[in-house]
Amino acid sequence: MLRKRIEIKHLTRVEGHGGITIELVDGTVKTVHMDILEGTRFYEALLKGKGFLEAAAIVSRVCGICSASHAVTAQLAVEDAFGIRVDSRTVRLRELLLLGEIMESHALHLFFLLLPDYMGYPSALDMARDHPIKAKMGLFLKQLGNRIQEAVGGRAIHPPNVMVGRFGKVPGRQVLSDLLACVEDGLALTPALVDLFASLEVPVLLEEATQYLALSSRDGYRFVSREIAATDGKVFQASEFSRVCNERVVAHSHAKQSLYSDRPFAVGAQSRVVVNGGELTGAAAEALERFVSAQGGMGRGNPISNSMAQAVELVHALQAAKEHLVDILTNGAGDAPPETVIEPVKGTGIGLTEAPRGILYHRYDFDDNGIITEADIITPTAQNLANIERDMRLVAERFGEISADGVVLSPAMGCLANRDLSFVLQVIARAYDPCISCSVH
Amino acid sequence: MDQLVIGIFGLTGCAGDQLTILNCEDELLLIAEKVTMKSFNMASSRELAGRVEVALVEGSVCQPEDLAMLREIRERSRHLVAFGTCAAFGGMAAMDQRVHPEVLRDTVYGPDGEPFEAIRARPLSSFVKVDFVLPGCPVEKGQLLETLSCLLKGSFPDIACTPVCAECRSRENLCIVLERDEVCCGALTRGGCGARCPSLDVSCAGCRGPVEDAYYAVNADLLKGRGIDREKIRKKMMLFSAPAGMGERLEREFD
């Protein structure tokens with residue numbers, strides 16, 4: 001019996017600490033583990049006994065990259081529990097904040113974490129020496145996302161300005177006009193952005209039927225909704241989500257894993273484009289068409305397409321940010337925030353958003369005084385983990401050819417030809433843009 | 001001249017401080033010209049091992065693996081910087097000092113989990129010598145750049161430890177405690193953020209950690225005088241100040 005073990009101790013160019021272990025016996029893949037051994041901070045336990053006013057400040061610290069999503073989702077959960085309605089400007093500003101986060105996070109992933117694989121560099125800083133224009137495009141888009149988060153959220157990371165029912169301070173006209181000018185500059189870059197990512201030789205690692213889940217929207221391509229759609233045609237309400245994704249503890253990982261109808265599923269940019277792509281308009285819709293004709297459809301189960309979906313969403317985020325900015329500038333920027341009366345109500349509240357990496361779910365139970373008695377946080381990367389393991393298993397089974405000196409890949413793999421399995425597994429993990437701090441929390 | 005070699009490491013945390021390095025978009029390419037960044041897992045697949053002049057260590061020690069990693073980092077670094085509030089003071093993960101970590105673990109993982117060792121979250125200085133503290137949740141970009149500039153000249157910057165209140169007053173904000181009778185941690189929290197939160201009309205959560213020589217008695221009198229009860233103070237003060245025992249010291253002054 002020939003046993004072989006492939007072990008990647010530290011995944012690089014992903015957020016947090018994770019590894020991969022694969023065991024093969026006589027050429028058959030036995031186990032595939034995404035080892036998430038990041039330390040746990042026990043956020044759900046820390047939330048117990050804390051007041052509703054503290055929730056957003058606490059949970060935004062789950063993750064430095066998607067802190068805005070955590071803060072907004074927390075407030076949505078509080079507002080759901082207490083029956084608070086927010087005004088339309090607050091809704092728009094929150095969406096603008098989330099779009100800023102999408103820009104920052106996607107630009108970080110596309111240019112810093114992913115592109116070096118395609119261009120053959122260990123990091124974007126190494127790549128920047130030979131390809132300064134590409135690096136600067138990425139930096140500009142990333143910075144634009146941060147500018148939006150700073151202006152709206154009060155800080156690029158862990159935004160303090162996101163409060164229950166309102167913003168602490170609404171950004172003034174000048175700030176918003178300056179942002180609008182930056183967004184226009186960003187929109188001018190989108191043809192070059194799409195050219196760059198459409199020109200990449202995307203390897204078709206898999207074409208395996210995949211279940212995609214995303215918040216569904218019928219009034220545009222949005223990142224906040226209370227309805228979840230699966231690609232098998234089913235639609236669920238917010239209150240059903242924890243049952244639908246069925247999160248459970250697994251032995252090899254500090255992150256829990258999820259299954260939909262006992263099978264792995266995917267969330268994130270690719271899922272959103274598959275579920276809501278019909279809602280895309282203008283340059284984002286054109287970008288999607290361009291990627292589909294150059295590299296094939298988004299929904300055919302190739303995890304690498306997630307990156308192209310992120311590029312589509314970058315274009316969308318710029319367009320949508322412009323719309324929100326124009327609307328807020330027309331309909332009252334800089335006015336004092338509305339006075340909100342907050343009366344705690346005993347009960348449960350659920351917040352749902354599309355974070356950059358997929359569906360983010362917060363559920364809090366409150367007592368009469370607005371003290372949290374139970375909390376549940378289900379993060380996108382935790383939902384994706386089972387699917388990442390499934391993809392790695394399939395790739396290892398299909399493309400791995402055991403030889404005496406290791407595993408060599410089939411040469412029909414585009415830019416991944418003749419790279420070893422260990423490299424390809426890292427490319428799969430990176431394609432999901434995993435956020436390991438989030439997955440453990 | 002040899003380049004300055006900086007190691008960038010994350011223990012248990014949110015990576016927000018490491019992200020702040022990447023958020024220096026205007027300066028990043030220049031930094032990369034002047035500084036060799038090693039072990040920056042989050043941004044680079046380059047070499048992980050080897051000696052570094054300065055280690056920026058984010059996160060707190062939350063599991064035995066963190067401690068082993070921290071000791072190894074200390075071994076191979078000339079200077080070690082507690083990079084962000086988790087590293088400097090313990091941060092969020094350390095807030096419930098009175099609850100046993102196994103209770104926290106069982107609350108999250110329940111009876112199904114493979115039991116792993118849960119230890120109380122601690123700052124770096126509980127285990128190793130820390131040469132410099134760069135506080136913040138996350139660190140302020142300006143202070144990070146100032147630190148890098150000084151390191152290139154072979155020193156650490158002189159980072160002020162005055163309270164947030166001082167900066168808040170100079171920005172002419174209305175005082176949240178006096179005007180709204182709400183708890184604000186500004187008087188006990190170290191500034192450097194330009195009173196970021198009170199300037200948004202949001203009370204300071206204490207995210208930059210405690211000032212040295214805080215006046216607990218005066219603050220307790222002030223808050224008590226505004227009719228703020230100790231439970232409210234405890235809840236606010238424990239977010240970031242619990243490891244330093246600040247909330248408890250303030251509460252004691254109520255008696």
Side-chain angles (χ1 to χ4, degrees), chain A residues 10-17 37-46 48-51 53-54 57-58 61-65 67 104 108 112-113 116 122-126 128 132 135-136 139-140 142-143 146 154-158 160-161 163 167-169 248-249 251-252 254 256 426 437, chain B residues 10-20 22-23 25-26 28-29 32 37 40-46 48 59-63 65-66 91-93 95-96 99 101 103-105 107-110 112-114 116 118 121 137-138 141 196-197 199-202 205 207 232 235-236 238-239:
Chain A
H10 295 288
L11 277 170
T12 58
R13 278 182 281 128
V14 300
E15 189 287 320
H17 299 290
L37 300 174
E38 172 108 7
T40 313
R41 291 157 291 164
F42 308 119
Y43 269 99
E44 284 130 329
L46 295 177
K48 280 176 86 163
K50 308 299 185 298
L53 289 171
E54 270 78 53
I58 295 174
R61 266 75 185 191
V62 164
C63 175
I65 301 180
S67 54
E104 195 283 330
L108 174 71
F112 281 78
L113 313 185
S123 82
L125 296 173
D126 297 287
K136 282 178 183 161
L139 285 166
F140 178 86
K142 182 175 161 341
Q143 186 173 44
N146 276 335
R155 184 161 54 196
I157 299 170
H158 307 325
N161 201 24
M163 301 183 76
F167 281 87
K169 191 173 181 181
R248 73 213 198 286
V249 176
H252 60 279
H254 291 179
K256 298 175 187 176
Q426 293 207 54
S437 295
Chain B
L11 305 180
T12 295
C14 76
D17 302 302
Q18 295 173 74
L19 182 61
T20 302
L22 300 175
N23 281 356
E25 290 97 354
D26 286 333
L28 194 60
L29 298 180
M37 288 185 268
F40 199 179
N41 258 2
M42 180 175 166
S44 174
S45 306
R46 262 186 188 284
L48 304 176
S60 56
V61 175
C62 289
Q63 56 176 349
E65 291 81 354
D66 290 334
M92 279 283 165
M95 80 163 90
D96 275 354
V99 182
V103 174
L104 298 176
R105 180 194 63 198
T107 304
V108 174
Y109 291 91
D112 307 337
E114 183 110 324
F116 57 89
C137 187
K141 199 196 274 189
R196 198 179 267 281
C197 297
S199 303
L200 296 164
D201 209 16
V202 175
C207 81
K232 272 196 179 148
K235 285 211 153 45
K236 190 89 185 177
M238 77 186 299
L239 295 186

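So you know, we letter chains A, B, ... as the sequences are listed, proteins then strands, and number each from 1. Because the structure is a prediction, the values reported are computed rather than measured.
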- Item | Portion of Gln63(B) that has a non-hydrogen atom of chain A nearer than 4.5 angstrom | side chain
- Item | Option in Lys142(A), Glu44(A), His158(A) with maximal non-hydrogen atom pairs under 4.5 Å from chain B | Lys142(A)
- Given a strict heavy-atom distance threshold of 4.5 Å, which part of Ser199(B) is in contact with chain A: side chain, backbone, both, or neither? backbone
- Proximity breakdown for Asn161(A) and chain B, heavy-atom pairs closer than 4.5 Å: both
- With only heavy atoms counted, which part of Ile157(A) is less than 4.5 Å from chain B, the side chain, the backbone, both or neither? both
- Query: Based on non-hydrogen pairs under 4.5 Å, which of His254(A), Glu104(A), Met163(A) is most in contact with chain B?
  - Reply: His254(A)
- Message: Salt bridge or not between Asp26(B) and Lys141(B)? Use side-chain N to carboxylate O under 4.0 Å.
- Response: no
- Heavy atoms only, distances under 4.5 angstrom: which of Asp17(B), Leu22(B), Val99(B), Val61(B) has the most pairs with chain A? Name it, please. Leu22(B)
- For Arg61(A) and Cys14(B) the tightest heavy-atom approach is O-CB, 3.2 Å
- Message: Do Tyr109(B) and Thr40(A) make a side-chain contact, defined as non-hydrogen atoms from C-beta onward lying under 4.5 Å apart?
- Response: yes
- Message: I'd like to know which of Lys232(B), Met92(B), Glu25(B), Gln18(B) tops the heavy-atom pair count under 4.5 Å against chain A.
- Response: Glu25(B)
- Query: Once you round to the nearest 0.5 Å, how far does NZ of Lys48(A) lie from CG of Leu46(A)?
  - Reply: 11.5 Å
- Message: Is there a side-chain contact between Glu15(A) and Leu19(B) in this structure, where contact means two heavy atoms from C-beta onward sitting under 4.5 Å apart?
- Response: no
- Message: Looking at every heavy atom in both Leu29(B) and Ala128(A), which two are closest together, and how far apart are they?
- Response: CD2-CB, 3.6 Å
- Query: Are the side chains of Leu11(B) and His17(A) in touch, meaning some heavy atoms are under 4.5 Å apart?
  - Reply: no
- Passes side chain to side chain contact (heavy atoms under 4.5 Å, CB included), Glu65(B) versus Leu37(A)? Steps please. CA-CA 9 Å; Glu65(B) 291 81 354; Leu37(A) 300 174; over 6 Å; no
- Heavy-atom contact with chain B under 4.5 Å, split by part of Leu11(A): backbone
- Is it the backbone or the side chain of Gln426(A) that comes under 4.5 Å from a heavy atom of chain B, or both, or neither? neither
- If one checks every heavy atom of His252(A) against chain B at 4.5 Å, the contacting part turns out to be neither
- Bottom line for Ala15(B): the part with an atom under 4.5 Å from chain A's heavy atoms is both
- Note on the structure: If one checks every heavy atom of Ile65(A) against chain B at 4.5 Å, the contacting part turns out to be both
- Does a side-chain heavy-atom distance below 4.5 Å link Arg155(A) with Arg196(B)? yes
- Item | Most chain A-contacting option - heavy-atom pairs closer than 4.5 Å, from Gly13(B), Ala93(B), Gly59(B), Cys207(B) | Gly13(B)
- Query: What residue in Thr20(B), Val202(B), Asp201(B) has the most heavy-atom pairs under 4.5 Å with chain A?
  - Reply: Val202(B)
